[in-house]
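The next block holds one structure in the form of C-alpha cells; read it before the comments.
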Amino acid sequence: QVRLVESGGDSVQAGGSLRLSCEASSGYSYYLFCMAWFRQTPGKERAGGAATWRGGRTTHYATSVEGRFTISQPNGQNRLYLEMTMLKPEDTAMYYCAAAPIRSDSSCDQDFRNGRFDYWGQGTQVTVSS
C-alpha cells in the first residue's frame, strides 16, 4: 500500500507559477513505480497531466501542459513535484498525485494514457484567475 499526500495548491493569477508536492509513504521504492499528476474539474473526466518513471529519467506530458509544466522526482526522495509556470485559467482543477507499479517496459506509458493507476492522493486545488 502506497499512501500519497499532495500539497502546494493555491489561487494564483494567470501567468503565475506554482509548485505542487506529493509525499509518498515510507518504505516506498520510487524506482519501482510510475508516478504521475492527474487533474480533474467538476463535470469532466480526470485527465493526465504529466508522468515520470525510471526514477525520473523518463517523463511524459499531456499536450496541454507541455512546455509549461515540469515533473520531477529527485533521487533518494519519496517526493514528486510538479512545477507549473505560465498558468492559464483552464489549468484550474483538483490535482492528484498517483502511483502505479511498473509492470513492463511499456506499462507506465499505457497506464498514464488510460488513467489506470493503483494509488491516489486526496488532491490539492489549483485555481487560476484571469
Side-chain angles (χ1 to χ4, degrees):
Q1 185 75 15
V2 178
R3 288 187 296 275
L4 304 169
V5 179
E6 303 96 333
S7 62
D10 205 345
S11 296
V12 297
Q13 290 193 328
S17 301
L18 278 177
R19 187 194 201 199
L20 304 184
S21 298
C22 171
E23 183 171 3
S25 55
S26 61
Y28 151 84
S29 300
Y30 68 93
Y31 53 88
L32 299 178
F33 284 82
C34 322
M35 300 297 298
W37 289 96
F38 289 80
R39 60 186 187 180
Q40 187 172 24
T41 55
K44 293 187 177 181
E45 291 187 0
R46 189 163 48 196
T52 186
W53 53 95
R54 297 194 185 111
R57 293 194 297 276
T58 300
T59 57
H60 183 89
Y61 296 93
T63 303
S64 58
V65 307
E66 192 162 18
R68 300 187 298 122
F69 291 10
T70 302
I71 189 171
S72 63
Q73 188 175 31
N75 286 343
Q77 294 187 24
N78 288 344
R79 283 184 175 270
L80 181 74
Y81 298 99
L82 185 68
E83 299 276 359
M84 304 187 294
T85 64
M86 297 181 284
L87 283 162
K88 305 175 182 180
E90 50 264 43
D91 294 319
T92 295
M94 184 71 78
Y95 283 72
Y96 296 92
C97 176
I102 296 176
R103 290 175 266 263
S104 69
D105 288 345
S106 61
S107 67
C108 291
D109 186 63
Q110 292 173 358
D111 288 348
F112 179 66
R113 294 178 189 278
N114 296 326
R116 193 176 59 223
F117 274 58
D118 300 75
Y119 306 103
W120 297 86
Q122 293 301 306
T124 186
Q125 178 67 37
V126 172
T127 302
V128 184
S129 58
S130 57

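In what follows, every heavy atom counts, from backbone to side chain, and hydrogens, waters and symmetry copies are set aside. This is a predicted model, so every value here is computed, not measured. Position 1 is the first residue of the sequence; numbering continues from there.
Classified by interplanar angle (parallel below 30°, tilted 30° to 60°, perpendicular above 60°), the ring pair F69/Y95 is tilted.
Other residues, nucleotides and ligands place more than 12 heavy atoms under 6.0 Å from the CZ atom of R103. Remark: Q13 CD is loosely packed, at most 12 non-hydrogen atoms of other residues, nucleotides or ligands lying under 6.0 Å away. N114 CG: more than 12 foreign heavy atoms inside a 6.0 Å radius.
In this structure, D91 CG and M86 CE are separated by 10.0 Å, a value rounded to the nearest 0.5 Å. Atom CZ of R19 and atom OG1 of T70 lie 11.0 Å apart (nearest 0.5 Å). The distance from the OG atom of S129 to the CG atom of L87 is 10.5 Å, given to the nearest 0.5 Å. Remark: C22 SG to M35 CE distance equals 5.0 Å, nearest 0.5 Å. Note: I102 CD1 to F33 CZ = 9.0 Å, rounded to the nearest 0.5 Å. Between atom OG of residue S72 and atom CG of residue L82 there is a gap of 8.5 Å, rounded to the nearest 0.5 Å.
The closest side-chain heavy-atom distance from Q125 to T92 is below 4.5 Å. Contact annotation: the side chain of F117 never approaches that of R46 to less than 4.5 Å [non-hydrogen atoms, C-beta and beyond]. The side-chain heavy atoms of D109 and H60, taken from C-beta on, include a pair separated by under 4.5 Å. Side-chain atoms of P74 and Y81, non-hydrogen and from C-beta on, do get closer than 4.5 Å to each other. Side-chain contact between W120 and C97 is absent, with no heavy atoms from C-beta onward closer than 4.5 Å.
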Q. Is there a side chain to side chain contact (heavy atoms under 4.5 Å, CB included) between Y61 and R68 once you walk through the steps?
A. CA-CA 10 Å; Y61 296 93; R68 300 187 298 122; over 6 Å; no

**Q.** Trace of the side chain to side chain contact (heavy atoms under 4.5 Å, CB included) decision for R39 with V126
**A.** CA-CA 9 Å; R39 60 186 187 180; V126 172; over 6 Å; no

Q) side chain to side chain contact (heavy atoms under 4.5 Å, CB included) between T124 and S7: does it pass, once the steps are laid out? A) CA-CA 6 Å; T124 186; S7 62; 5.6 Å; no

Q | side chain to side chain contact (heavy atoms under 4.5 Å, CB included) between L4 and Y96, intermediate numbers included | A | CA-CA 9 Å; L4 304 169; Y96 296 92; over 6 Å; no

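Note on W53 and F38: separate hydrophobic clusters, where clusters join Ile, Leu, Val, Met, Phe, Trp and Tyr whose side-chain heavy atoms are under 4.5 Å apart, directly or indirectly. F112 and W37 fall into different hydrophobic clusters, where Ile, Leu, Val, Met, Phe, Trp and Tyr are joined by side-chain heavy atoms under 4.5 Å apart, directly or via other members. Y31 and L80 fall within the same hydrophobic cluster, defined by Ile, Leu, Val, Met, Phe, Trp and Tyr side-chain heavy atoms under 4.5 Å apart, directly or through other members.
Closest non-hydrogen pair, V65 versus G49, comes out as CG2-O, 3.2 Å. Minimum heavy-atom separation, D118 to P101: OD1-CD, 3.2 Å. Considering all non-hydrogen atoms of both residues, A62 and G48 come closest at CB-O, 3.3 Å. In this structure, N78 and S25 approach most closely via the heavy-atom pair ND2-O, 3.8 Å. Considering every non-hydrogen atom in both P89 and A14, the closest pair reads CD-CB, 4.1 Å.
A donor-acceptor distance shorter than 3.5 angstrom exists from the side chain of E6 to the backbone of Q122, with no hydrogens or angles considered.
Scanning for salt bridge (charged side-chain N to carboxylate O under 4.0 Å, His left out) contacts around E66 gives an empty result, with sequence neighbours left out.
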